[in-house]
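Take a look at the structure below.
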Amino acid sequence: MPFRHVAIIGLGLLGGSIGLAVQQHLPGVRTSGFDLDPATRTRARERGLTALVPETAAEAVTGADLVIFCVPVGAMSAAAASVAGALAPDALVSDVGSSKQTVVRELTQALPGIDVIPAHPVAGTEHSGPDAGFAALFRKRWCIITPPAEASIAKLDALSRFWEAIGATVEIMTPEHHDLVLAVTSHLPHLIAYTIVGTASDLEEVTRSEVIKYSAGGFRDFTRIAASDPTMWRDVFLSNRDAVLEMLQRFTEDLTELQKAIRKGDGEMLFDQFTRTRAIRRSIIAEGQDDARPDFGRGDHQSDA
């Protein structure tokens with residue numbers, strides 16, 4: 001492993017999971033971590049999320065050759081600025097954010113002269129905070145690395161090897177393409193989930209107790225997604241607004257076509273659409289990206305971000 005010391009800024013679900021995964025899979029690599037919340041730092045020490053949890057971010061990154069920012073996208077610039085003076089000149093800086101063009105811009109502006117290669121592990125749960133992390137979070141999950149055009153090939157290879165070592169399968173793509181892909185596969189579904197759950201809550205004809213008591217499987221899945229960290233998802237939608245708005249417009253147009261089909265009683269159109277989408281679901285299972293068992297075999301630890 002090319003890294004001797006990994007520093008993690010932000011010790012919630014993803015940051016804590018990285019710390020635990022490194023200690024499990026790369027026992028020779030030193031870990032340190034920091035979180036702005038004093039209570040989170042205390043809990044991180046109790047759980048041993050990283051070997052060292054100092055009182056400042058600058059202390060956490062001192063001597064680190066890989067620094068991973070695990071903070072909401074909207075906090076990325078401030079987090080980077082807080083450690084700028086303490087980074088080793090040859091350190092590699094990365095992150096775990098769900099949108100990449102904004103991250104590339106903010107990290108490179110805040111850390112001139114430092115190698116920055118963003119990444120996005122497509123893994124998570126609806127839980128957050130220092131108690132949510134677990135070492136197996138990234139096992140057999142995708143990690144998309146989005147190097148800037150001028151990125152060092154050697155450091156890109158090193159970051160890829162790091163993620164593979166803690167269980168992930170690595171894919172390389174441009175930041176622009178990443179943001180478009182994730183707008184379709186993650187950001188729009190979350191936006192829809194938040195909306196549907198909010199709509200159900202606002203219906204005067206249906207009480208809150210009935211929504212909870214009679215939740216069918218589909219609605220339960222929406223509530224699981226809609227329980228995700230609100231700060232993180234607020235920042236995702238704002239930072240990836242162009243791609244999200246493009247996908248939302250396409251979705252709105254498709255939804256209008258379905259609305260017309262239902263109004264006109266066009267069962268053939270509905271059947272064809274549902275048949276096509278069922279085939280996509282089966283392809284996802286065949287690719288090993290989900291499970292055909294009841295409740296999709298999710299248990300407590302499955303929700304992509």
Side-chain angles (χ1 to χ4, degrees), residues 3-27 29-84 86-87 91-98 103 106-107 110 118-139 141 143 159 162-163 165-168 227-236 300-301 303 305:
F3 302 115
R4 301 178 305 278
H5 177 184
V6 176
I8 302 163
I9 306 301
L11 295 172
L13 168 64
L14 291 175
S17 295
I18 292 172
L20 293 172
V22 170
Q23 292 176 88
Q24 176 176 310
H25 297 288
L26 301 168
V29 176
R30 182 185 177 203
T31 58
S32 58
F34 174 78
D35 197 282
L36 274 177
D37 184 354
T40 296
R41 294 198 299 273
T42 298
R43 186 59 182 143
R45 294 186 190 105
E46 293 170 350
R47 289 201 63 203
L49 297 183
T50 56
L52 178 68
V53 183
E55 286 300 304
T56 68
E59 289 178 82
V61 305
T62 299
D65 43 10
L66 173 61
V67 177
I68 305 176
F69 289 100
C70 302
V71 299
V73 174
M76 202 70 68
S77 181
S82 72
V83 304
L87 289 172
L92 173 61
V93 168
S94 191
D95 79 306
V96 296
S98 292
V103 168
E106 294 195 350
L107 288 182
H120 175 206
V122 188
T125 75
E126 65 268 35
H127 305 295
S128 58
D131 286 307
F134 56 103
L137 178 63
F138 310 107
R139 185 173 64 86
R141 312 295 282 183
C143 180
L159 185 62
F162 168 79
W163 279 105
I166 62 174
S228 300
D229 182 6
T231 299
M232 181 187 81
W233 282 101
R234 176 202 64 194
D235 290 354
V236 166
D300 293 328
H301 295 310
S303 176

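Computed over heavy atoms, backbone and side chain alike; hydrogens, waters and symmetry mates excluded. Only a predicted model underlies this, so the values are computations on that prediction, with no experimental measurement involved.
Without hydrogens or angle criteria, S17 side chain to A135 main chain gives no donor-acceptor distance under 3.5 Å. Looking at R41, its side chain does come within 3.5 Å of a backbone N or O of L36 through a donor-acceptor pair. Formation of a donor-acceptor pair under 3.5 Å by the T31 side chain with backbone atoms of V6 is not found in this model.
Distance CZ/F34 to CD1/I8: 13.5 Å, rounded to 0.5 Å. Taking CZ of F3 as the start and CG of L92 as the end, the distance is 5.0 Å to the nearest 0.5 Å. I166 contributes atom CD1, which lies 10.5 Å from atom CG of L20 (distance to the nearest 0.5 angstrom). Taken to the nearest 0.5 Å, the CD atom of Q23 stands 8.0 Å off from the CG atom of L49. From I9, atom CD1 reaches atom CG of D95 across 12.5 Å, with rounding to the nearest 0.5 Å.
Taking every heavy atom of both residues into account, A81 and A110 meet most closely at N-CB, 4.3 Å. Residues S128 and L13 approach most closely at CA-CB, 4.4 Å, considering heavy atoms. The two residues L11 and G33 make their nearest non-hydrogen contact at CD1-C, 3.9 Å. Heavy atoms only, all atoms of each residue included: A165 and H25 are closest at O-CB, 3.4 Å. For V83 against A58, the heavy-atom pair with the smallest separation is CG1-N, 4.3 Å. Here the closest non-hydrogen pair linking V96 and H120 is O-CD2, 3.7 Å.
Between L159 and S94 the shortest side-chain heavy-atom distance falls below 4.5 Å. When side chains are defined from C-beta on, L14 counts as touching L137, because their heavy atoms get closer than 4.5 Å. With contacts defined as side-chain heavy-atom distances shorter than 4.5 Å, the pair R47/D131 qualifies.
In this structure P54 satisfies the side chain to side chain contact (heavy atoms under 4.5 Å, CB included) test together with L52, E59, A60, sequence neighbours excluded. The ring-ring contact (aromatic ring centres under 6.0 Å, His included) test applied to F138 returns W163, not counting sequence neighbours.
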Show the atom names and distances, to 0.1 Å, of all donor-acceptor pairs under 3.5 Å that link a side chain in residues 63-73 to residues at least two apart or in another chain.
unit_1	atom_1	unit_2	atom_2	d
D65	OD1	R4	N	3.3
D65	OD1	H5	N	3.0
D65	OD2	R4	N	2.9

